[in-house]
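The next block holds one structure in the form of structure tokens; read it before the comments.
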Amino acid sequence: MLKSIAVMTSGGDSPGMNAAARAVVRTALYEGVTVWGINNGYHGLLEEDMFEMQSKDVGDIIQRGGTFLGTARCKRWTTPEGRMQGYKNLVDRGIQGLVVIGGDGSLRGAQLLSQETGIPIVGLPGTIDNDVWGSDYTIGCNTAANTIIDAINKLRDTASAHRRVVVLEVMGRNSGWLAMVSGISGGAEYILVPEEEFDLDAICAEMKESYEKGKRYILVVVAEGAGSGKEIGDQIAQKTGIDTRVSVLGHIQRGGSPSVIDRVKASQLGEQAALAIISGLSDIVFGFHRNNVVAINLHDAVTNKKVLNPEYIHLAKVLA
Ligand code: ADP
């Protein structure tokens with residue numbers, strides 16, 4: 001049994017990180033274990049920016065987006081020297097294990113720390129991109145998809161009024177998951193994702209034809225990993241001659257009060273992470289598979305690439 005653990009959030013923030021950190025802290029305290037909060041991810045760990053937490057420190061945060069612990073990107077952490085310093089800063093405070101809530105990169109950094117120093121590490125997938133291998137779900141992906149749907153609904157109103165093509169660029173890094181689920185649920189005609197090649201000439205020809213038959217407007221959702229919304233919009237306008245507008249949703253997708261799903265799932269994951277690390281387990285990422293919490297090998301999670309569900313790709317085509 002570990003007596004003292006720490007928790008941090010790292011990389012891109014996502015709605016629900018607070019719920020996850022809160023669950024880690026309260027579970028640890030419930031188990032009688034000391035828990036430290038590290039501010040600003042690996043950067044804060046290297047700056048020794050950390051504090052021992054009480055239950056009230058995680059009060060009034062479950063409803064908030066972002067992360068109350070702060071997050072950062074930290075170049076020094078990518079060096080073995082940086083990670084060794086981080087390890088020393090943990091050991092100096094008697095911290096015996098670390099829970100890292102973050103995306104792909106953060107989990108990779110955590111895996112290296114564990115490999116190089118042997119300190120127990122448990123990861124939680126915190127990213128709106130839903131791109132962590134082994135899990136159907138990452139903390140924040142549900143809220144982000146809901147934010148995109150809200151934008152799609154509004155864009156539909158104005159696109160319909162003007163008989164336009166609307167191109168919406170959404171986040172997701174190299175993953176098309178966010179574009180795919182929001183495009184399907186927003187009723188997009190075309191969903192362009194990095195996982196599936198597309199022929200813009202053929203799409204434009206099809207668009208022209210349906211427009212001539214009387215279609216009022218066409219909605220295209222583009223995953224940032226599939227190309228620039230602006231460039232794709234420019235090409236559509238040029239090739240079809242149809243009035244085309246581009247919206248890049250940007251950081252709005254990262255923010256906002258987390259959805260019920262993100263709050264509950266993040267809380268479940270946080271509890272499991274705390275219980276696992278306290279019991280001395282290491283090199284695990286907790287995620288979901290078919291709505292059940294599952295433990296994923298940390299090394300596998302960071303070395304394998306998650307595949308976009310082909311059923312989604314098919315469904316998007318059938319329903320367009
Ligand atoms: P995310 O966790 O959202 O994927 P990043 O990829 O920016 O975000 O990673 C966050 C931080 O994790 C980086 O600033 C760096 O400190 C650390 N990190 C990322 N990739 C690596 C890596 N390959 N090796 C060591 N540390 C890494």
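Both counts, for ligands and for their atoms, begin at 1 and track the order of listing.
Here R93 pairs with E48 in a salt bridge; the nearest charged N to carboxylate O distance falls below 4.0 Å. A salt bridge links K230 and D234; the closest N-O separation between the charged side-chain nitrogens and carboxylate oxygens is under 4.0 Å. For K215 and E189, the salt-bridge test passes: some basic side-chain N is under 4.0 Å from an acidic carboxylate O.
Close contacts of ligand 1 with L112, meaning ligand atoms under 4.0 Å from a residue heavy atom, involve 24 (N), 25 (C). Close approach to W77 involves these atoms of ligand 1, each under 4.0 Å from a residue heavy atom: 16 (O), 25 (C), 26 (N). Per-residue contacts place G103 under 4.0 angstrom from the following atoms of ligand 1 (heavy atoms of the residue considered): 1 (P), 2 (O), 3 (O), 4 (O). Within ligand 1, counting atoms from 1 as listed, the ones closer than 4.0 Å to a heavy atom of R83 are 25 (C).
For atom 11 (C) of ligand 1, the nearest protein heavy atom (residue, atom name, distance) is S10 OG, 3.9 Å. Of the protein's non-hydrogen atoms, R73 NE, 2.3 Å is the one closest to atom 7 (O) of ligand 1. Among all protein heavy atoms, the one lying closest to atom 3 (O) of ligand 1 is G12 N, 3.0 Å. Nearest non-hydrogen protein atom to atom 19 (C) of ligand 1 is G105 O, 3.1 Å.
Assignment of R76 to the shell around ligand 1 is not supported, since no heavy atom sits closer than 4.0 Å.
Ligand 1 has an N or O atom lying under 3.5 Å from an N or O atom of C74, backbone or side chain. For A72, no nitrogen or oxygen atom sits less than 3.5 Å from a nitrogen or oxygen atom of ligand 1, counting backbone and side chain alike.
Counting heavy atoms closer than 4.0 Å to ligand 1, residue T127 contributes nothing at all.
Figure legend: R76 and Y42 shown without cation-pi pairing, the cationic atom not lying both under 6.0 angstrom from the six-membered ring centre and within 45 degrees of its axis.
Among the candidates D131, D136, N130, D104, the single residue satisfying the side chain to side chain donor-acceptor pair (under 3.5 Å) test with K306 is N130. Checking each of V7, N39, I95 against M50 for a side-chain contact (heavy atoms from CB on, under 4.5 Å) leaves exactly one that passes, namely I95.
In this comparison of R108, Q111, R173, the heavy atom closest to atom 1 (P) of ligand 1 sits on R173. Of the candidates G109, G41, S106, S106 brings a heavy atom nearest to atom 12 (O) of ligand 1.
Considering CD1 of I148 and CD1 of I128, their distance stands at 6.5 Å, rounded to 0.5 Å.
In the model, T143 has a side-chain atom that pairs as donor or acceptor with a side-chain atom of D262 under 3.5 Å.
Listed for the R254 side chain is no donor-acceptor partner under 3.5 Å among the backbone atoms of A144.
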